[in-house]
**Q** 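This structure is in structure tokens; I'll ask about it shortly.
Proteins get letters first, then strands, A, B, ... in listed order; numbering begins at 1 in each.
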Number of protein chains: 2
Amino acid sequence: MKHIAELCGVSVATVSKIVNRKDDDVKEETRLRVLKTVEEEGYFINTLARSMKTKNTKTLGLIVPDIKNAYYTDTSRGAEDMAVRKGYTLFLCNTDDSINKEISYLVKLMEKQVDGIIIIASMERDVEMEELLKINVPFAVLNSSTNYKDYAVKVQVDNYKGMYEGVEHLLGLGHKKIMYLQGETRLSFGEERFRGYKDALEKHGIAYDDNLVATTTFNVEGAYGYLRENGLVPETTAIMCGNDLMALGVLNWAKEECIDVPGDLSIIGYDDTIFSVISSPKITTVNQHCHLVGEILVKELLEKIDSEDFTQRMIPVASHLVVRESTGKPMIH
Amino acid sequence: MKHIAELCGVSVATVSKIVNRKDDDVKEETRLRVLKTVEEEGYFINTLARSMKTKNTKTLGLIVPDIKNAYYTDTSRGAEDMAVRKGYTLFLCNTDDSINKEISYLVKLMEKQVDGIIIIASMERDVEMEELLKINVPFAVLNSSTNYKDYAVKVQVDNYKGMYEGVEHLLGLGHKKIMYLQGETRLSFGEERFRGYKDALEKHGIAYDDNLVATTTFNVEGAYGYLRENGLVPETTAIMCGNDLMALGVLNWAKEECIDVPGDLSIIGYDDTIFSVISSPKITTVNQHCHLVGEILVKELLEKIDSEDFTQRMIPVASHLVVRESTGKPMIH
DNA sequence: TTGTACGCGTTATCAA
DNA sequence: TTGATAACGCGTACAA
């Protein structure tokens, strides 16, 4: 800036005003002259120096277990979209669900003076909360049941409703025996979905049956392996799965057993990923609006940063069922 | 730092030495006292101020078309892994292949004084090159045929070899009529793969046949739609696809037509994504080592940053064939 | 309409 | 073993 000022024969104050578009009081002629020199010299504003004065960096930290997991990828992308739109840039932080990596990143972000932090953590941990207490920067957490201090924004996906709608869809088609093949998790959403499953059944006068609920891993092999080993409870005509990969596993098993989908068996997945649409038949699934969730996380976080309102907020985001080809009326035998 | 200094009754210089571990000459007692206060006060070093002095930010920019594309996700993850390992943090920049977004990010990164930039761009563009010329920061580009200035590191995936190996695998199994269903692209790798296909055939004494090459989009519908419309050239017993999704499209079509895979038709995909392993049969495919490529990009970039050696480098990365269930000997009719 | 001077939080140098 | 101070590049009062 000093260099530019000298070249143009003006002071740095003048250059500063111009590059920051606070140039109401500078002559059009000098404005143009300075801008031209800026262009010619390939000058870039040094935001480091600026931030020292302004006390903000227009930078956020994005903490995510693993960007390779489709769910997090979409959410991250939504976060990034909103961030650019608002003039912010994101630091990408993968933690692999390791508390050490997470803390190490948290420290790094503080050192880098980020204006806020988005935490899309999959684990529930109190250790982290303790650590967070020293972090006096606004942050936004997704799907956390932890009770953070006041500068937190909590965004919650409505897992209860997503599950409820799925089961209701099956009940509406006439299914009576609906299995729930859930994924293993210590997170609160597992319990919420379970409630959704149970409530939907009871609301429609169907007794809850423990034998119809099974737990396995969140992938193709998990679901496939479970059915291969245990088969179906007699008269089961539909399965709700923990995610689309599990639904795919069920589909593969059904094919092998010559069970027609959806003729003999209806299947519902969860997440509405590409998997639900490349399979044949295409899978009915619950869309959680990951991209939107990412956008909301950033939007709410920035609002918290801008306002002086430091009360904890909770923002719910609805899920909705996407009906495709893997569900239909149960055959009458 | 000043605050800590005052609390401990020492100078900022002393505190600085201690937090930077340049404390050979400070008394153990004061060291401990300062460290304790740092801990108690929840003090974090301000890297903004540090960077103003040291002239580096330990920060890199990661420019990528879209993190949601599995190929870029993996590469990005590899880049991030290497970055943390080396003490660097990444700015995440999705461009959606928009030249405007890219330039806007490039400017932002310069303003943020990044030490280097990784460009995993999918488009080939000279405009960008012109723009880059003003960017006097080291950068690493993946799969670009553009001839950049000396501070660039170029990493190239060996698409020729990947394709060559795939075709050779089919020839080894006894296939004579091998279709190449390629994806539409303006990138140089398209041409390289095509050469790989041709050369492998010729090397094995099989004449190249124009009719066996078709172009469609890089997804399930592209491949499925093409075959549905045009069918197979008579006597074709194998297909090389542009990526795994296309291979999946071929598989779906084959199922519909009651064509057995690999009995009647062998299929090879490209990228070794999860798709090649969730399908049935599992798809033989070419692994491009995306994660490794990401690591290499960062590693080479950092070497360039550290060294004063400013000559353009080119680093090749091999691909290799992963044989699974979708390829086999052609049936003799 | 433009310029001067100061402060932002650090690091490095050199003196005490 | 410790401390004083200049410099880094910018934004902003206030003065001219």
**Q** Can a side chain N or O of B:S16 be found less than 4.0 Å away from OP1 or OP2 on C:dT11?
**A**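 For C:dT11, OP1/OP2 do have a side-chain N/O of B:S16 under 4.0 Å.
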**Q** Specify the separation, in whole Å, of atom CD of A:E29 and atom P of C:dT2.
**A**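 Checked: the CD to P distance equals 8 Å.
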**Q** Would you mind telling me which residue lines up with the more 5' stretch of DNA chain C, A:T14 or B:N46, judged by nearest nucleotide?
**A**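 Going by which nucleotide is closer to the 5' end, it is A:T14.
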**Q** Would you say the side-chain atoms of B:T54 and B:S51 include a donor-acceptor pair closer than 3.5 Å?
**A**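 No pair is found: no donor N or O on one side chain lies under 3.5 Å from an acceptor on the other.
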**Q** Could you tell me how far apart A:E6 (CD) and C:dG3 (C1') are, to the nearest whole angstrom?
**A** 14 Å
**Q** What integer distance in Å separates B:D23:CG from C:dA12:P?
**A**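 One finds 14 Å between P of C:dA12 and CG of B:D23, rounded.
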**Q** Can you figure out which of D:dG11, D:dC8, D:dG3 approaches the side chain of A:R50 most closely?
**A**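 Within the option list, the nearest is D:dG11.
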**Q** When you measure from the side-chain N and O atoms of A:Y43 to the phosphate of D:dC10, is any distance below 4.0 Å, counting only OP1 and OP2?
**A** yes
**Q** Hey, does the side-chain of B:K53 have a donor or acceptor N/O within less than 3.5 Å of a partner on the base of C:dT10?
**A**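 Check fails, no donor-acceptor contact within cut-off.
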**Q** Map B:N20 and A:K55 onto DNA chain C by nearest heavy atom, then report which one ends up closer to the 5' terminus.
**A** A:K55
**Q** Which nucleotide in the list C:dT11, D:dG3, C:dT1 gets nearest to the side chain of B:I45?
**A** C:dT11
**Q** Take the protein atom CG of B:D25 and the nucleotide atom C1' of C:dA15, then report the distance between them rounded to whole Å.
**A**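 Answer to the nearest Å: 14 Å.
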**Q** Mind checking whether A:Q288 and A:V293 have side chains closer than 4.5 Å, heavy atoms only?
**A** no
**Q** Mind running side chain to side chain donor-acceptor pair (under 3.5 Å) on A:N46 and B:E111 for me, showing each step along the way?
**A** CA-CA 5 Å; A:N46 184 328; B:E111 293 181 345; over 6 Å; no
**Q** Take the protein atom CE of B:M1 and the nucleotide atom C1' of C:dT11, then report the distance between them rounded to whole Å.
**A**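 In whole Å, C:dT11 C1' lies 8 Å from B:M1 CE.
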**Q** Quick one: label B:V10 by what it contacts on the DNA or RNA (base, sugar-phosphate, nothing), any heavy atom closer than 4.0 Å.
**A**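 Sugar-phosphate: the residue B:V10, judged by heavy atoms under 4.0 Å, touches backbone atoms but no base.
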**Q** Report the nucleotide, chosen from C:dT2, D:dG9, D:dC10, that has the shortest atom-to-atom distance to any side-chain atom of A:T30.
**A**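 Among C:dT2, D:dG9, D:dC10, the one nearest the side chain of A:T30 is C:dT2.
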**Q** Please state how far atom CG in B:L48 lies from atom C1' in C:dC8, giving the value in whole angstrom units.
**A**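 That distance rounds to 10 Å.
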**Q** A:E28 has an atom CD; how far is it from atom P of C:dT2, in whole Å?
**A** 11 Å
**Q** NA contact type, A:K22, heavy-atom cut-off 4.0 Å: base, sugar-phosphate, or nothing?
**A**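 Answer is sugar-phosphate: A:K22 comes under 4.0 Å of backbone atoms only.
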**Q** Could I get the full list of side chain to side chain contact (heavy atoms under 4.5 Å, CB included) partners for A:D81, not counting sequence neighbours?
**A**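 By the side chain to side chain contact (heavy atoms under 4.5 Å, CB included) rule, A:D81 matches A:R77, A:R85, A:H291, A:E295.
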**Q** For the side chain of B:V12, starting at C-beta, report the closest nucleotide among D:dT2, D:dT5, D:dG9.
**A**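 Nearest listed nucleotide: D:dT5.
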**Q** Atom NZ of A:K17 to atom P of C:dT1: distance rounded to whole Å?
**A**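 Spelled out: NZ on A:K17 to P on C:dT1 is 10 Å.
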**Q** What's the closest nucleotide to the side chain of A:A13 if the choices are D:dG3, C:dG3, C:dT11?
**A** C:dG3
**Q** Can you tell if the side chain of A:D158 reaches within under 4.5 Å of the side chain of A:P316, non-hydrogen atoms only?
**A** no
